[in-house]
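The next block holds one structure in the form of structure tokens; read it before the comments.
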Amino acid sequence: MISGWNFWKNMSMRRITLEELGASIERKKAELGFSGQDYVARNSGKYRTESKRALLRNIAAAAAERGEEPTFKANY
């Protein structure tokens, strides 16, 4: 029987760089049909508080005043 310490001591963990992690995340997003930053998260905002909805509306309004798109799309 392997004791707890020996079990973990003998486990080898695979180390990856941040670039490899980012590439892996992008691959998984592509597999799900998401690409880049052009998608809206599946969060419907159904349970969002009114204060959060107001904040998101204000962010969108401020961006519109500057003639820009908000940095993210939100369901509110």
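Just the heavy atoms: all of them, side chains too, but no hydrogens, waters or symmetry mates, feed the values below.
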Minimum heavy-atom separation for [X] to [Y], with atom names?
X: Glu20; Y: Arg15; result: OE1-O, 4.3 Å
X: Gly45; Y: Arg53; result: O-NH2, 2.9 Å
X: Pro70; Y: Ala60; result: CG-CA, 3.9 Å

Nearest-0.5 Å distance that lies between atom CD in Glu50 and atom CZ in Arg57: 5.0 Å

Check against salt bridge (charged side-chain N to carboxylate O under 4.0 Å, His left out), Glu26 and Lys29: CA-CA 5 Å; Glu26 288 302 317; Lys29 283 171 45 177; 3.3 Å; yes

Residues, nucleotides or ligands: over 12 heavy atoms within 6.0 Å of Glu69 CD: no

